[in-house]
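So the structure is just underneath, and the comments pick up after that.
In this text the structure is predicted, and so the values were computed from the model without any measurement. In what follows, chains carry the letters A, B, and so on, assigned in the order in which the sequence lines appear, proteins first and then strands, with residues in each chain numbered from 1. Side chains are part of it too, since the values below use all heavy atoms of this structure and drop only hydrogens, waters and symmetry mates.
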Amino acid sequence: MPCRWGSARIGLTQVLPAPENMTNQDQQEQSNPANEAESAAGEQKLIEDRLAKTAQIRAKGLDPYPPRYDRTHTLVEATKLFEYAEIMASSGVGDDVEHPRTETVRIAGRVMARRGMGKAAFIDLKDGHGSIQAFARQNTMGDDAYEIVNLLDIGDIIGVEGSVIRTRRGEVSVEVQQVTVLTKAMRPLPDKWHGLQDQEIRFRQRYLDLISNENAMKNALLRSSVVKAMRDFMHGEGFIEVETPILVPVAAGAQATPFETHHNQLDRDLYLRIATELYLKKLIVGGIERVFEIGRLFRNEGLDHDHNPEFTTIESYQAYADYNDVMAMVENMVSFIAKETTGSMVLPAIEGVRPEIDLTPPWPRLDLREEIVKQTGIDFVEVRDAELLSDAMRDRGIHVEAGSAWGRLLDKVISSEVEPNLIQPHFLVDYPVEMSPLAKHKLNSDGIVERFEGFVMGTELCNAFTELNDPVDQRTRFEQQEKMRLEFGDDQADRLDEDFLVAIEHGMPPTGGVGLGIDRLAMLIAGEESIREILLFPAMRSM
RNA sequence: GACGGGCUAGCUCAAUUGGCAGAGCAAGUGACUCUUAAUCACUAGGUUCGGGGUUCGAGUCCCCGGCCCGUCACCA
């Protein structure tokens, strides 16, 4: 597989267009140094054929890559224009009510298929909105203009001028008066009937996926709609959108391994952020009472069907709110986004993938402690020691990573025994303090913090808490995390961020905050099981 | 990281027990002025992911490596 693209790239460099001042013949000779007797094979030949046609277009005094094209209608608009003309004709309006036709339109799109008929040809065109057939006939175009039609290849982008008609077989078509080559393509498109099947090429060359597979385009557009609906919701709730640093001196605010980088001028090591949390809370300190950021996070970890090293989250913080307020906001936001993007708060069942998912609020709140007891018999209030917890886990056949801290072990219990059951949306509520260094203690509950996580389809969607604003307690929690890093070699422990501590020492109001994975939300709404179907350019191993 | 599946023409896929590497689409030439997976005839197109081995003979069997997918592990 490596050589598939490797050789292709070499192939293109071999046939790069010649300089402007060369004649067409020069170009042909230049582009094929191996002379005509030894013609190129395979992909190289396909490219050379297209280069030859490009030269012929130039020989006619035409630019195969003109700078712009005045299009009057998208393909969908052109179809609608005709349907309107047809309706008018049916009520006797128009020059020829038997054969309605529109005014002359100018459309543009990619050639998806060609059906040549000698002195006539049918061309299927596709643009960003839809598709339409172009019908080219030599006698309506003239001999000279029609020659261009014979120089077209699948994949070329062309402009077509003509009026819209319906052919005898009933296909709405633009009857071509003039064809303009807007972009000559050098490489063929994937199989027109089967589309692009090779997953690897779909991810590495997403543009081909978008051209050939409807679902790829659908997901790309859905992702955009999800983010737009999210912004609309947040702005509607009075939140201010901000952007905070991606290159940070301390990768704090979450438990994850960061990417490292270096600023030359400052001669300073920096990290790519693993969370937006602490900067946003600084803004709460500063008096922006409702704030959110939609942005990319980077975590130097493995990749699988729902993890990518860079992913997008929304984090929001609201002064004077607690985690109960945030829970209501999350279920309202997610259901609103579903309604806006799909028309319903109930996501349809998908055969072999999932049942119907009902996102209508309120989502059930499940007490974390009770839920773990119910699924495993383990009560984390009783088993407050890493050794005891490890034993209890082993008794129940749960994999135990040697030397893990108590909080990490419990996290494992939750993710392997509790989460997978949460297919319909649920909130797990009230976590132990050991695994939540940024959340505030719950009143009258020893060792428990006001934290919740939202789950759908057995995976985490969001993580939220009543934010810890006691600077003394926060410093202690950070110190515990730093200790964990040393004691357990846990380089994913959170880090002490002195700047942040100084900020909240100035006083941060009571605040509720949440982080929610946008890629996972888009997966859920799209009904996709892999994050790679949602990310346009997922991380891939180098070839 | 471990185990399993996969990689064959530009694309989609075949190839029996180890026995001449094939088809459809795309491409080229020719025919064809209402097709729509157009049709018909002909032509060309291959380092079978890379490297090594066994064998008279390897797409096929063995070893090493690469990439993709899946499961597990890790990971919010």
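The pair A:Arg451-A:Glu453 meets the salt-bridge criterion, since a charged nitrogen lies less than 4.0 angstrom from a carboxylate oxygen. Between A:Glu482 and A:Arg485 there is a salt bridge, since at least one side-chain N of the basic residue sits less than 4.0 Å from a carboxylate O of the acidic one. Salt bridge absent: A:Glu417 and A:Arg396 never bring a charged side-chain N and a carboxylate O closer than 4.0 Å. Checked for salt-bridge contact, A:Asp124 and A:Arg114 miss the test: no charged N lies under 4.0 Å from a carboxylate O. Using a 4.0 Å cut-off between a side-chain N of Lys or Arg and a carboxylate O of Asp or Glu, A:Lys440 and A:Glu450 do not qualify as a salt bridge. With respect to A:Glu171 and A:Arg166, no salt bridge is recorded, no charged nitrogen being found less than 4.0 Å from a carboxylate O.
For A:Glu171 against B:U35, no side-chain N or O and base N or O form a donor-acceptor pair under 3.5 Å. A donor N or O paired with an acceptor N or O is not found under 3.5 Å between the base of B:U33 and the side-chain atoms of A:Gln138. Between the base of B:C75 and the side chain of A:His307 there is a donor-acceptor pair shorter than 3.5 Å.
Considering only side-chain atoms of A:Leu196, the nucleotide from B:C11, B:G28, B:A73 that sits closest is B:C11. Closest to the A:Arg204 side chain, of the nucleotides B:U12, B:U36, B:C68, is B:C68. Here the side chain of A:Leu46 is nearest to one of B:U33, B:G10, B:C74, namely B:G10. Residue A:Asp49 places its side chain closer to B:G28 than to any other of B:G28, B:C75, B:U33. Listed nucleotides B:G28, B:U35, B:C68 differ in distance to A:Met117; the shortest reach to its side chain belongs to B:U35. Here the nucleotide nearest the side chain of A:Phe135, chosen from B:A27, B:C34, B:U36, is B:C34. Checking B:C67, B:C25, B:C11 against every side-chain atom of A:Lys192, the shortest atom distance belongs to B:C25. Of the candidates B:C69, B:C34, B:C11, B:C69 carries the atom nearest the A:Arg532 side chain, counting heavy atoms from C-beta on. Distances from the side chain of A:Phe122 to the nucleotides B:U71, B:C34, B:A27 place B:C34 closest. When distances run from any side-chain atom of A:Asp191 to the nucleotides B:C68, B:U36, B:U12, the shortest one goes to B:U12.
Residue A:Phe203 is in sugar-phosphate contact alone, with no base atom involved, counting any heavy-atom pair closer than 4.0 Å across all strands shown. Among the heavy atoms of the strands, none lies under 4.0 Å from A:Gly515. Looking at heavy-atom distances under 4.0 Å, A:Ala256 makes contact with sugar-phosphate atoms alone, never a base. Across all strands, A:Arg408 comes closer than 4.0 Å only to sugar-phosphate atoms, never to a base (heavy-atom distances). At a threshold of 4.0 angstrom between heavy atoms, the contacts of A:Asp306 with the nucleic acid are absent. At a threshold of 4.0 angstrom between heavy atoms, the contacts of A:Glu460 include nucleobase atoms, whether or not backbone atoms are also involved. Note on A:Arg202: nothing from the nucleic acid sits closer than 4.0 angstrom, heavy atoms only. Across all strands shown, A:Ser415 has no heavy atoms under 4.0 Å from either base or sugar-phosphate atoms. When heavy atoms are screened at a 4.0 angstrom cut-off, A:Arg50 is found touching no nucleic acid atom at all. Across all strands shown, A:Arg541 has heavy atoms under 4.0 Å from sugar-phosphate atoms exclusively, and none from any base.
As rounded to the nearest Å, B:G50 and B:C68 have C1' atoms that lie 16 Å from one another. Across the C1' atoms, B:C7 and B:G59 are found 11 Å apart, a figure rounded to whole Å. B:G51 and B:A14 have their C1' atoms separated by 27 Å, given to the nearest Å. With P as the reference atom, B:C61 and B:U8 are 16 Å apart, rounded to whole Å. Annotation: B:U47 and B:A21 have their P atoms spaced 14 Å apart (nearest Å). The gap from the P atom of B:A44 to that of B:G52 amounts to 31 Å, rounded to the nearest Å. To the nearest whole angstrom, the two C1' atoms, one in B:A37 and one in B:U12, are 13 Å apart. B:U60 and B:C72 are spaced 30 Å apart, taking the C1' atom of each and rounding to whole Å.
A 3.5 Å limit on both hydrogen-bonding distances identifies no Watson-Crick or G-U partner for B:U47. With both pairing distances under 3.5 Å, B:G4 is matched to B:C69 as a Watson-Crick or G-U wobble pair.
For the OP1/OP2 pair of B:A9 and a distance below 4.0 Å, the side-chain nitrogens and oxygens of A:Lys45 include no atom meeting the criterion. Not one side-chain nitrogen or oxygen of A:Arg115 sits closer than 4.0 Å to the OP1 or OP2 atom of B:U35. A:Arg169 has no side-chain polar atom (N or O) that falls below the 4.0 Å cut-off from OP1 or OP2 of B:C34.
Across the interface with RNA chain B, nearest-nucleotide mapping of A:Arg299 and A:Met540 shows A:Met540 to be the residue nearer the 5′ end. Both A:Gln197 and A:Arg168 lie near RNA chain B, and the one whose nearest nucleotide falls closer to the 5' end is A:Gln197.
Taking atom CG on A:Asp304 and atom P on B:A2, their separation rounds to 17 Å, with Å as the unit.
Here the side chain of A:Asp494 pairs a donor or acceptor atom with the backbone of A:Gly253 at under 3.5 angstrom. Under a 3.5 Å cut-off, the side chain of A:Arg520 and the backbone N or O of A:Asp306 do form a donor-acceptor pair.
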